[in-house]
> 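Okay, handing you the structure first.
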Amino acid sequence: AAPLETLSLPNDLVHGIETVARHHNATVFMVLLAAFKLLLMRRYGQNDVAVGTPVAGRDRPELEPVVGLLLNTLVLRTNLAGNPTFAELLKRVRGTTLDAWAYQDVPFDRLVAELSPTRDADHPPFFDVLVNAFGRWNGALKLAGLDSDSIQLAPPPPKFGLTLYIQAQPGDIGLGLVYRADRLAAPAV
């Protein structure tokens, strides 16, 4: 099983993150992404930090009746050189994120094919860190004859060196960190 570290952020920190997001015309995802990229830069000493993030691929009305997974992956690359303030870093991350979302229809496979990055069977092209944000499931799982409170879900097998899961809804943020122990030392949480 993949190492998994989890953390539920305290209410005052969640409130602070939401306040920073509003103040900088950003989303909570953007604030958390900026903080995570800063952590990665400090941990691994790289100023050019690229992470992948999945997008639903259902932003056009004609796709609503389509059945199936239309998932795409965006690469969010940020230059952290020059020791930017957090406000400046958030501005960079916000710009990168909005630019990437504007081109979310470009399939990741097409990007790989056209840019022809150096391929390595053990490392995905362009990034080895994934950030996956989603809201919490608010409904209860009801299965006949099964106590859903006793179900413990194992973390998914890691496809990347490091994956940060962000479960967010207003007033509540949970984080999960899954990593490949063969590629990364245990992150300090």
Side-chain angles (χ1 to χ4, degrees), residues 4-61 63-64 70-106 108 111 126-139 155-156 160-179 184 186-189:
L4 171 67
E5 305 291 337
T6 60
L7 176 66
S8 185
L9 299 183
N11 291 342
D12 57 336
L13 182 55
V14 172
H15 177 72
I17 290 168
E18 292 170 341
T19 300
V20 168
R22 278 190 306 274
H23 181 73
H24 292 278
N25 197 26
T27 64
V28 167
F29 171 77
M30 292 172 187
V31 174
L32 292 171
L33 182 61
F36 187 57
K37 286 187 173 206
L38 182 60
L39 176 70
L40 291 172
M41 189 266 304
R42 288 184 178 168
R43 169 86 185 199
Y44 299 106
Q46 297 178 353
N47 286 330
D48 186 11
V49 179
V51 303
T53 191
V55 290
R58 293 190 174 270
D59 60 332
R60 296 188 321 239
L63 295 175
E64 288 178 15
L70 301 177
L71 197 66
N72 194 18
T73 304
L74 302 179
V75 180
L76 304 176
R77 187 174 179 182
T78 306
N79 186 330
L80 283 81
N83 197 24
T85 64
F86 189 76
E88 176 56 34
L89 173 57
L90 180 55
K91 182 178 177 182
R92 291 178 192 179
V93 167
R94 181 182 181 276
T96 297
T97 304
L98 291 175
D99 288 347
W101 283 341
Y103 293 97
Q104 66 181 298
D105 288 340
V106 177
F108 182 74
L111 184 68
F126 305 123
F127 62 90
D128 198 27
V129 175
L130 184 82
V131 177
N132 190 352
F134 47 91
R136 290 226 170 114
W137 171 252
N138 292 327
F160 303 95
L162 184 64
T163 300
L164 174 65
Y165 292 97
I166 302 170
Q167 296 177 321
Q169 61 187 13
D172 185 29
I173 297 174
L175 304 174
L177 200 58
V178 179
Y179 59 94
L184 298 171
V189 180

> Do you know which two heavy atoms are closest between R94 and N25, and how far apart they sit?
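R94 and N25 have their closest heavy atoms at NE-O, 2.5 Å.
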
> If every non-hydrogen atom of F86 is compared with every non-hydrogen atom of V31, which pair is closest and at what distance?
CZ-O, 3.8 Å

> Report yes if some heavy atom in the side chain of V49 is under 4.5 Å from a heavy atom in the side chain of Y44; otherwise report no.
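The answer is no, as the side chains (C-beta and beyond) never meet within the 4.5 Å cut-off.
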
> So do V75 and F108 actually touch side chain to side chain, heavy atoms under 4.5 Å?
yes

> Please report the shortest heavy-atom distance between S8 and D172, naming the atom on each side.
OG-OD1, 4.2 Å

> Less than 4.5 Å apart, any side-chain heavy atom of T78 and any of L80?
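Answer yes - side chains close enough.
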
> Which value, rounded to the nearest 0.5 Å, describes the distance between L130 atom CG and T163 atom OG1?
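Result: 5.0 Å between the selected atoms.
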
> Once rounded to the nearest 0.5 Å, what's the spacing between atom CG of N79 and atom NZ of K37?
10.0 Å

> Using salt bridge (charged side-chain N to carboxylate O under 4.0 Å, His left out) as the criterion, list what pairs up with D48, not counting sequence neighbours.
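Partners of D48 by the salt bridge (charged side-chain N to carboxylate O under 4.0 Å, His left out) criterion, ordered by chain and then number, come out as R77.
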
> Apply side-chain contact (heavy atoms from CB on, under 4.5 Å) to E88 and list each qualifying residue two or more places apart in sequence or on a separate chain.
P84, T85, K91, R92

> Could you state the interatomic distance from OG1 (T53) to CG (L74), rounded to the nearest 0.5 Å?
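Here the interatomic distance stands at 6.5 Å.
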
> So T73 and F126, do their side chains get closer than 4.5 Å, heavy atoms only?
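They are not in contact (no side-chain heavy atoms under 4.5 Å apart), so the answer is no.
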
> Is the shortest side-chain heavy-atom distance between L38 and M41 below 4.5 Å?
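Of all side-chain heavy-atom pairs linking M41 with L38, at least one is under 4.5 Å.
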
> Side-chain contact test, heavy atoms from C-beta onward, threshold under 4.5 Å: evaluate it for V129 versus L164 and give yes or no.
no

> Out of curiosity, H24 NE2 to T19 OG1, how far, rounded to the nearest 0.5 Å?
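So the gap between those two atoms works out to 10.5 Å.
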
> If you compare all heavy atoms of D128 against all heavy atoms of F160, which two are closest, and at what distance to 0.1 Å?
O-CB, 3.5 Å

> So do F36 and I166 actually touch side chain to side chain, heavy atoms under 4.5 Å?
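Not in contact.
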
> Quick one, L177 and L162 - any side-chain contact, counting heavy atoms below 4.5 Å?
yes

> Check L90 against A26 and note the closest heavy-atom contact, atom names and distance.
CD1-CB, 4.2 Å

> If you take all heavy atoms of V14 and I173, which pair is closest and at what distance?
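In this case the closest contact between V14 and I173 is CG2-N, 3.9 Å.
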
